[in-house]
Protein chains: 2
Amino acid sequence: MEKEITIYDIAKILGLSPATVSRALNDHPAINSKTKILINEKAIEMGYQSNTFASNLRRRRTNTLGVIVPRLNSNFMSAVLAGMEEEANISGYNLLISQSLESAKKEISNAKTMFNSRVDGLLASVAYDTDTFDHFESFIKKGIPVLFFDRIIDHPKCSGVVIDNVLAGFTATSHLIEKGCKRIMHVTGNLKRNVYSGRLKGYQDALLQNNLTASNELLMITDLSQEAGKYVAQKIDEMEIRPDGIFISNDICAVSCMKALKEKGYNIPDDIAVVGFNNDPVSQVIEPNLTTVYYPGQEMGKVAIRTIVNHLKGIQSIDVSDKIVLPSELIIRKSSLKEID
Amino acid sequence: MEKEITIYDIAKILGLSPATVSRALNDHPAINSKTKILINEKAIEMGYQSNTFASNLRRRRTNTLGVIVPRLNSNFMSAVLAGMEEEANISGYNLLISQSLESAKKEISNAKTMFNSRVDGLLASVAYDTDTFDHFESFIKKGIPVLFFDRIIDHPKCSGVVIDNVLAGFTATSHLIEKGCKRIMHVTGNLKRNVYSGRLKGYQDALLQNNLTASNELLMITDLSQEAGKYVAQKIDEMEIRPDGIFISNDICAVSCMKALKEKGYNIPDDIAVVGFNNDPVSQVIEPNLTTVYYPGQEMGKVAIRTIVNHLKGIQSIDVSDKIVLPSELIIRKSSLKEID
DNA sequence: ATTTGCATTGCAACCGATTGCATTAATTTT
DNA sequence: AAAATTAATGCAATCGGTTGCAATGCAAAT
């Protein structure tokens with residue numbers, strides 16, 4: 001335990017004022033360059049470390065961005081975070097990260113913590129069951145930018161970085177139709193969330209456009225977990241008229257479903273073609289390899305940080321460009337390539 | 001943009017002193033309970049939000065823990081982080097997370113940032129090429145606890161949360177031997193890191209104990225990436241005397257190697273048995289399913305946070321229990337089950 | 001009636017860096 | 001040589017809570 005070295009200590013030793021030391025360390029133009037060198041050398045010699053908190057208090061900013069995600073341990077989310085960290089680091093920002101564990105209550109509590117920590121900006125991907133916007137309102141009121149990503153809230157004051165989920169769902173479904181599927185099932189998550197409702201919309205649009213009817217029996221709302229995948233397979237097995245194609249909103253669930261279907265003796269893709277979502281590593285390991293929608297996680301993280309940092313620097317206001325839409329892409333693999341005769 | 005509400009505002013309105021307001025909000029025993037209620041109600045009514053920085057500055061602590069990891073986007077690391085966040089959240093700590101991207105230089109820079117941010121404690125898993133300990137020394141000097149996890153540094157002043165890599169390597173290799181392998185290859189990462197050198201040691205011990213010789217030809221040091229897996233398969237294919245078993249220190253690499261071997265026509269496990277490490281989701285998707293070492297990521301994160309928080313609370317000093325060793329477990333699947341006659 | 005003790009509350013210094021304004025010294029202009 | 005600039009530095013207030021010590025008031029003890 002050693003005492004902290006402050007600018008006062010440096011000032012005293014050099015016979016200067018703390019103000020001069022502070023300015024020298026911040027490379028203020030009014031300070032003589034020789035003095036700057038002198039002070040900087042002394043600072044290093046004495047092992048001076050700036051106290052971020054005193055600085056934050058006075059400057060009224062923290063160089064810290066808050067990030068709230070549903071879960072840290074998903075392949076997609078960790079890619080987003082990796083991108084965010086990389087970009088934030090470049091811009092000199094720190095990341096305060098927390099997870100809501102898909103609970104709106106915890107999300108609200110985390111938002112409050114972030115607020116009290118005086119983050120300069122907030123990035124959020126909302127939980128399954130988030131209904132309200134109030135916990136973000138306090139940020140807006142104070143002029144702290146809030147930017148959503150992936151799972152966004154439909155609220156006029158907030159912008160977000162997303163992919164075109166409707167288009168992605170449309171493309172995925174159209175692909176199945178093209179490959180000869182007539183009875184396509186869709187497995188997705190909580191429809192409160194844009195990502196799932198959007199993909200459903202795309203799925204429905206594609207069916208309509210091809211004169212196929214979307215029946216309730218062919219739509220399953222699940223939590224998209226591994227278990228859900230097995231459950232879906234079970235349900236399919238029990239159906240009287242089975243689907244000949246499935247579009248599942250998440251690779252983990254899709255792969256688990258495929259495994260279960262294979263065990264039950266179904267041939268993929270000939271009996272049932274499958275399309276997933278995310279381009280998770282498992283999609284390239286399952287056999288047949290899973291056709292899926294590539295989802296640019298790392299890029300999304302980078303763009304989100306870049307956008308909010310530019311806003312903070314005053315380079316580009318967020319509110320102008322409301323939604324930033326990143327491209328997604330259907331990656332066609334064998335799980336959807338039926339032998340069409 | 002609204003003005004901040006401070007304890008001074010509350011004090012003025014209620015005709016009390018800021019000191020009393022501060023104490024009331026912190027539930028100080030000397031304050032009359034009626035006064036507390038009054039102040040708390042007023043605080044809520046006025047929308048008061050505590051300024052963490054002022055508080056931190058005065059209290060000389062931040063309730064923030066720094067975390068430095070090699071990469072955020074690996075399945076294992078995101079599990080660790082998920083566990084950390086969950087546990088930290090419970091204990092009222094925030095997490096400042098950064099990644100070194102396997103670069104010692106960036107790790108040093110990140111450590112400096114953490115130091116200036118006055119984190120109350122530091123958790124670190126070091127980069128591939130970290131050689132020095134200096135960047136952690138400054139924390140120790142100031143009495144800030146540093147706890148390593150998974151990839152630790154061999155330094156008397158620092159403790160860590162780990163698994164028994166030697167034992168895990170020994171168990172994995174012994175299993176292959178038991179299944180009839182006579183010529184076992186080992187693919188691992190940079191031997192500077194305990195995780196890899198430990199597993200290698202266990203591998204060598206197992207060979208020795210069974211009178212098998214460890215030849216240099218059968219040891220490959222790689223970065224354990226997907227590409228490395230393909231490369232390993234290529235090398236094996238080119239060998240005159242091929243191995244009949246491989247122990248690979250990472251599932252991602254192992255799976256990629258298996259895929260490549262299968263494409264080249266090798267039968268797994270009969271031609272070559274494979275054991276991986278991590279119990280990554282892909283290990284349960286590849287066919288045959290990959291025998292691997294389960295590695296308790298989430299638990300490791302939780303334990304690390306719990307340990308450092310207990311230390312900070314003065315409940316249990318870290319230095320006493322030097323290394324916390326979590327159990328790992330060999331999960332046997334089909335990739336290593338040769339048909340023994 | 002005086003003293004003692006306890007419960008509350010307030011005063012004022014602090015944490016450490018930042019910054020508007022003033023001051024001093026050095027240099028240039030008139 | 002005096003005045004006006006310019007350059008460099010210092011003064012002191014500020015950010016908003018926290019906390020050791022003092023002060024006040026009131027009830028209980030002597």
Side-chain angles (χ1 to χ4, degrees), chain A residues 1-40 42-43 46-64 113 115-120 142-144, chain B residues 1-40 42-43 46-64 113 115-120 142:
Chain A
M1 306 268 188
E2 296 185 0
K3 61 184 183 312
E4 303 259 350
I5 310 288
T6 71
I7 53 169
Y8 295 91
D9 301 324
I10 300 175
K12 196 177 286 173
I13 287 191
L14 293 177
L16 292 166
S17 76
T20 303
V21 174
S22 170
R23 291 192 177 101
L25 293 172
N26 287 305
D27 205 22
H28 192 286
I31 303 297
N32 186 303
S33 52
K34 284 173 192 165
T35 314
K36 275 184 194 168
I37 293 171
L38 182 72
I39 290 176
N40 275 296
K42 202 71 188 176
M46 295 175 69
Y48 168 78
Q49 295 282 349
S50 157
N51 185 322
T52 311
F53 290 101
S55 172
N56 286 342
L57 176 59
R58 183 59 225 246
R59 284 193 156 127
R60 306 177 139 277
R61 68 194 167 110
T62 61
N63 276 311
T64 300
T113 305
F115 188 84
N116 286 352
S117 299
R118 299 292 196 276
V119 294
D120 290 344
K142 251 192 72 187
I144 300 171
Chain B
M1 308 267 187
E2 296 187 357
K3 61 183 185 312
E4 304 260 347
I5 309 289
T6 71
I7 53 168
Y8 295 91
D9 301 324
I10 300 176
K12 195 176 287 173
I13 287 192
L14 293 177
L16 290 167
S17 77
T20 302
V21 175
S22 170
R23 290 194 177 101
L25 293 172
N26 287 305
D27 205 21
H28 192 285
I31 302 297
N32 187 302
S33 51
K34 284 174 193 165
T35 315
K36 275 184 194 167
I37 293 171
L38 182 72
I39 290 176
N40 276 295
K42 202 71 189 175
M46 296 175 69
Y48 168 79
Q49 294 283 349
S50 156
N51 184 323
T52 311
F53 290 101
S55 171
N56 286 342
L57 176 58
R58 185 59 225 248
R59 283 192 158 130
R60 307 176 137 277
R61 68 197 166 104
T62 61
N63 275 312
T64 300
T113 306
F115 188 83
N116 286 352
S117 298
R118 299 293 195 276
V119 293
D120 290 344
K142 250 192 71 188

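When reading the values below, keep in mind they use all heavy atoms of this one structure, side chains included, and skip hydrogens, waters and symmetry mates. Chain A is the first sequence line, chain B the second, and so forth, proteins listed ahead of strands; every chain is numbered from 1.
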Starting at [atom1] of [X] and ending at [atom2] of [N], how long is that distance when rounded to a whole Å?
| X | N | atom1 | atom2 | result |
| --- | --- | --- | --- | --- |
| B:Phe53 | D:dT18 | CZ | P | 14 Å |
| B:Leu38 | C:dT8 | CG | P | 15 Å |
| B:Ile39 | D:dG17 | CD1 | P | 13 Å |
| A:Arg61 | C:dA17 | CZ | P | 16 Å |
| B:Asn56 | D:dT18 | CG | P | 10 Å |
| A:Asn116 | D:dG17 | CG | P | 10 Å |
| B:Ile10 | D:dG16 | CD1 | C1' | 12 Å |
| A:Asn63 | C:dT18 | CG | C1' | 15 Å |

What does [X] touch in the nucleic acid at a heavy-atom separation under 4.0 angstrom: a base, only the sugar-phosphate, or nothing?
| X | answer |
| --- | --- |
| B:Leu25 | nothing |
| B:Ser55 | sugar-phosphate |
| B:Tyr8 | base |

Selection from [options] that lies nearest to any side-chain heavy atom of [X]:
| X | options | answer |
| --- | --- | --- |
| A:Ala54 | C:dG16, D:dG10, C:dC11 | C:dG16 |
| B:Arg60 | C:dG10, D:dG16, C:dG16 | C:dG16 |
| B:Arg58 | D:dG10, C:dT18, C:dA13 | C:dA13 |
| B:Ile31 | D:dG17, C:dG10, C:dT9 | C:dT9 |

Report task. By nearest nucleotide on DNA chain D, pick out whichever of B:Asn51 and A:Leu16 is the more 5' one. Result ->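 Nearer the 5' end of the strand: A:Leu16.
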Query raised in the report: Which residue, B:Asn26 or A:Ala30, contacts DNA chain D at a nucleotide closer to its 5' end, judged by nearest heavy atom?
Result: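 It is A:Ala30 whose nearest nucleotide is closer to the 5' end.
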Pairwise distance [atom1]([X]) to [atom2]([Y]) - rounded to 0.5 angstrom:
| X | Y | atom1 | atom2 | value |
| --- | --- | --- | --- | --- |
| A:Asp27 | A:Asn40 | CG | CG | 8.0 Å |
| B:Ser55 | B:Asn63 | OG | CG | 8.0 Å |
| B:Thr20 | B:His28 | OG1 | NE2 | 10.5 Å |

Query raised in the report: Looking only at N and O atoms, is any donor in the side chain of A:Arg23 or the base of D:dG10 less than 3.5 Å from an acceptor on the other one?
Result: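 Flag set: donor-acceptor pair detected.
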I want to check something: taking the side chain as every heavy atom from C-beta on, are [X] and [Y] in contact at a cut-off of under 4.5 Å?
| X | Y | result |
| --- | --- | --- |
| A:Thr6 | A:Asn51 | no |
| A:Asp9 | A:Ile13 | no |
| A:Tyr48 | A:Ile7 | yes |

Would you indicate, yes or no, if [N] has its OP1 or OP2 atom less than 4.0 angstrom from a side-chain nitrogen or oxygen of [X]?
| X | N | result |
| --- | --- | --- |
| B:Asn32 | C:dT8 | yes |
| A:Ser22 | C:dA17 | no |
| B:Arg59 | D:dT18 | yes |
| B:Ser17 | C:dC11 | no |
| A:Thr35 | D:dT9 | yes |

Query - Toward the 5' end of DNA chain C, by each residue's nearest nucleotide, A:Tyr48 or B:His28 - result: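 The residue closer to the strand's 5' end, by nearest nucleotide, is B:His28.
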